There are 4 protein chains.
Amino acid sequence: MTEHSINPSAPKRATQRDEKAVERRTQLIDTALEVFAKKGFDKTSVRELAAAAGVAQGLMYHYFKSKDQLLEAVVERHSFLPQLKAMLTTMHNEPAAKVLKITGNQFFALLGQKESLMNIFFHETQSHPIVPRIWRNILNQGIGLFQTYLDERVAAGELKPHTTDVTARTLAYTIVLLRATSVAFHHRTRPEAFINEMVDNLLSGVAAPAA
Amino acid sequence: MTEHSINPSAPKRATQRDEKAVERRTQLIDTALEVFAKKGFDKTSVRELAAAAGVAQGLMYHYFKSKDQLLEAVVERHSFLPQLKAMLTTMHNEPAAKVLKITGNQFFALLGQKESLMNIFFHETQSHPIVPRIWRNILNQGIGLFQTYLDERVAAGELKPHTTDVTARTLAYTIVLLRATSVAFHHRTRPEAFINEMVDNLLSGVAAPAA
Amino acid sequence: MTEHSINPSAPKRATQRDEKAVERRTQLIDTALEVFAKKGFDKTSVRELAAAAGVAQGLMYHYFKSKDQLLEAVVERHSFLPQLKAMLTTMHNEPAAKVLKITGNQFFALLGQKESLMNIFFHETQSHPIVPRIWRNILNQGIGLFQTYLDERVAAGELKPHTTDVTARTLAYTIVLLRATSVAFHHRTRPEAFINEMVDNLLSGVAAPAA
Amino acid sequence: MTEHSINPSAPKRATQRDEKAVERRTQLIDTALEVFAKKGFDKTSVRELAAAAGVAQGLMYHYFKSKDQLLEAVVERHSFLPQLKAMLTTMHNEPAAKVLKITGNQFFALLGQKESLMNIFFHETQSHPIVPRIWRNILNQGIGLFQTYLDERVAAGELKPHTTDVTARTLAYTIVLLRATSVAFHHRTRPEAFINEMVDNLLSGVAAPAA
DNA sequence: AATGAATGAGGATTCATTCAT
DNA sequence: GATGAATGAATCCTCATTCAT
């Protein structure tokens, strides 16, 4: 931040230094993500964060104005909206059952890859307003993903006209909670089979044919 | 303990004091529930808790060994397992659609009545091991509720044989997350309509008849 | 303390009750002695004292104005000055070596019997001014005991004229510290042999005869 | 740690800060010694300690993990074992009476210089296990000091063969208690004269020559 | 950029003591 | 006499944050 360079070689040097600074910053953020996820925001002290990153506590305040702002940075950096958006952009001419199963499992897998972040989303809602905001974005994005596809299939005549919002949220919510509980709970049905069967149920119904 | 009474009113006296103590205890627990739900466990100081209850902070430790133990007491006292168990014990000869809709909405309403507790379940998982344990109990109870009924209807031939665990959890999870998000989010579909439609979807499927 | 008797039978009753009250008081004192000795005055709470005596904490304040006053009562009640004074009143025509050995061992034994109290004397000097005061009394009494005897034997010509204060204190101090350290330390010489030899040394000297 | 210095004065800088930290630490320890000695460990709050040292209370915990550990540091730093060991290493060809008198008085003087520490040794035995441990070391060192010398003089024929442990402990214990009581009590005999006479008594005995 | 000394507010908890019953 | 509920001050300790180096 403080630029008091004298000789002309400074610009390049500054860039190098900036790069290093950015690296350091992301290192601090990534370390914080893990520690926050494991111990919780409030139960983690800045000293611990610094120790985990192998730096002095004072350095934390060079890169982040406050502990809160660090949480902000963590959540912003790891919000996997891009990955979410990238999902389901292909596969248009496949049957809905197949597409929804694949997408559902992708969604489930994505949440699993971001387990630490999910932990923060679930537990630190009250620590910083940015947390629920971003979590809401992600959830809505997930729901929208399904809904957009469903609307398309309704339009294509593959699905009957109905409130796709309900179906989309049924899918998204169930997958999210399946993910959230799959760590702590012991489930009878394995996630992939679960998701596949849920999709089938939603498409074809569980009522007996006669009824 | 010491009984040197002559008239029959004496025993009641001791009881009166005890009663008051019990009342006071529940008052402290109930106050704590609200404050924990609003501010979060870590962000709430014992001083605040005492102030909210209108007592000296020292008194908190007369009734509870620690702040942790208070949380324990809160969660134990308000775990609505009895209410959950009471649900769906009637209405056997009604169509599944109707029964599931009613039960689903009851479940949703019950979660709503326990909003403060739900807040704790969602956010304070890491504060005390009893929180996830009881939350798991409740969730499993809710799931079991649906599953038992579904199994029964499968046996009765109203539903086709399928993994009822999946359907039950789809219902329960969606309702739970519907509840959890209905405060912070703004939904297009109203909860009751949502639940009703979800039940219909699950029973009859959303696929176009031709498919 | 509060006397509001109406009928003439009260005096006798009061006496019975007083007796019981005195008993209770000494019970509380004796319990306190043990707990204070074991845990130290500051580290012992009134609640613990009450629990150890099997009564409610409030009752402590019926019998003692404060925790300090309880310590006072403890020290006063158990100050073994009478026993000390009773020592060495006999045995006038025996050789000094024998008498001093017996008395020294008696003194040592007496301190041993009062181990709890000794603990308080050693550690709680700063807790209440009465503690060092009484301890000084006891110590001086012990010293005086020896000195009186020594003076008498000097007068009788059995001992040579010298500063008996020095000899008396050498004896008393050594025995006291022997006692104080005998619990925590591991000594080579056993107390009785030690005291006997010390007396011999003091009487006859350890210098070689030639010198 | 980070060395990006050009001129040779840089390394010293880091050392300067470290030096200051060490100084600060000893300052805190020394202040604590005085306050603990005056008020007692339990009766002294960390706030007082900090105030006495003119620092914020939080700083105490930067240097010491706990109040207990501070006491540990105090006792360790001021345990005058080195000084004790240095005593009596000379003067081999002087008469025992002279040597013992000088050493006894030195020992007494040393204890006097460490009055604050002695206070802690006497009163805070129960506050932390390190206190009695170090005190035992010191006492044993003092005893050993005398005993080694006595053994040597016995071997040299100046003293008659006897249990030197008894004589050594008589000397050491008496001097220690003389020191401990000389503050609170009012003695007739002055310490130096007392010690000299005690040595004489121990060497030559107080029994009348005829006996 | 990096360190860690220094601060002071605030947190959980303990405790002597009082008081209504 | 006896109980234990109630008080509030005080205690140890933690922590986010600042700052000189």
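All chains are named by letter (A, B, ...) in the order of the sequence lines, taking the proteins before the strands, and each is independently numbered beginning at 1. Computed from a prediction, not measured in an experiment: that's the story for all the values here. Basis for what follows: all heavy atoms, side chains included, without hydrogens, waters or symmetry-related copies.
Each of D:Lys20 and B:Phe41 was assigned the nucleotide of DNA chain E with the nearest heavy atom; the assignment lying further toward the 5' end belongs to D:Lys20. Both D:His62 and B:Lys67 lie near DNA chain E, and the one whose nearest nucleotide falls closer to the 5' end is D:His62. If you find the closest nucleotide of DNA chain F to D:Thr44 and to A:Ser66, the one lying nearer the 5' end belongs to D:Thr44. Each of B:Gly54 and C:Gly58 lies near DNA chain F, and the nucleotide nearest C:Gly58 is the one positioned closer to the 5' end.
Dashed line: the shortest gap from a side-chain N or O of D:Tyr61 to OP1 or OP2 of F:dT14 is not under 4.0 Å. OP1 or OP2 of E:dA6 sits under 4.0 Å from a side-chain N or O of D:Arg24.
Checking each of D:Lys43, D:Lys39, D:Gln57 against D:Glu48 for a side-chain hydrogen bond (donor to acceptor under 3.5 Å, both in side chains) leaves exactly one that passes, namely D:Lys39. Put simply, the residue from A:Leu49, A:Asn119, A:Val75 that forms a side chain to side chain contact (heavy atoms under 4.5 Å, CB included) with A:Phe36 is A:Leu49.
Side-chain atoms of A:Ser45 lie closest to F:dC15 of the nucleotides E:dG11, F:dC15, E:dA5. For A:Leu59, counting side-chain heavy atoms from C-beta on, the closest listed nucleotide (E:dA2, E:dA6, F:dT7) is E:dA2. Residue D:Arg17 has its side chain nearest to E:dT3 when only E:dA5, F:dG1, E:dT3 are considered.
Residue D:Arg47 places no side-chain atom within donor-acceptor reach of the base of F:dT11, judged by atom type and a 3.5 Å distance cut-off alone. No hydrogens or angles were tested; on distance alone, nothing pairs the side chain of D:Gln57 with the base of F:dC12 as donor and acceptor under 3.5 Å.
Base pairing of E:dA16: its partner is F:dT7, meeting the Watson-Crick or G-U wobble criterion (both donor-acceptor distances under 3.5 Å). Under the Watson-Crick or G-U wobble criterion, with both distances below 3.5 Å, F:dT14 is paired with E:dA9.
With hydrogens and angles disregarded, no donor-acceptor distance shorter than 3.5 Å links the side chain of D:Glu72 to the backbone of D:Ile130.
Using a 4.0 Å heavy-atom criterion, one finds that A:Tyr63 contacts the sugar-phosphate atoms exclusively.
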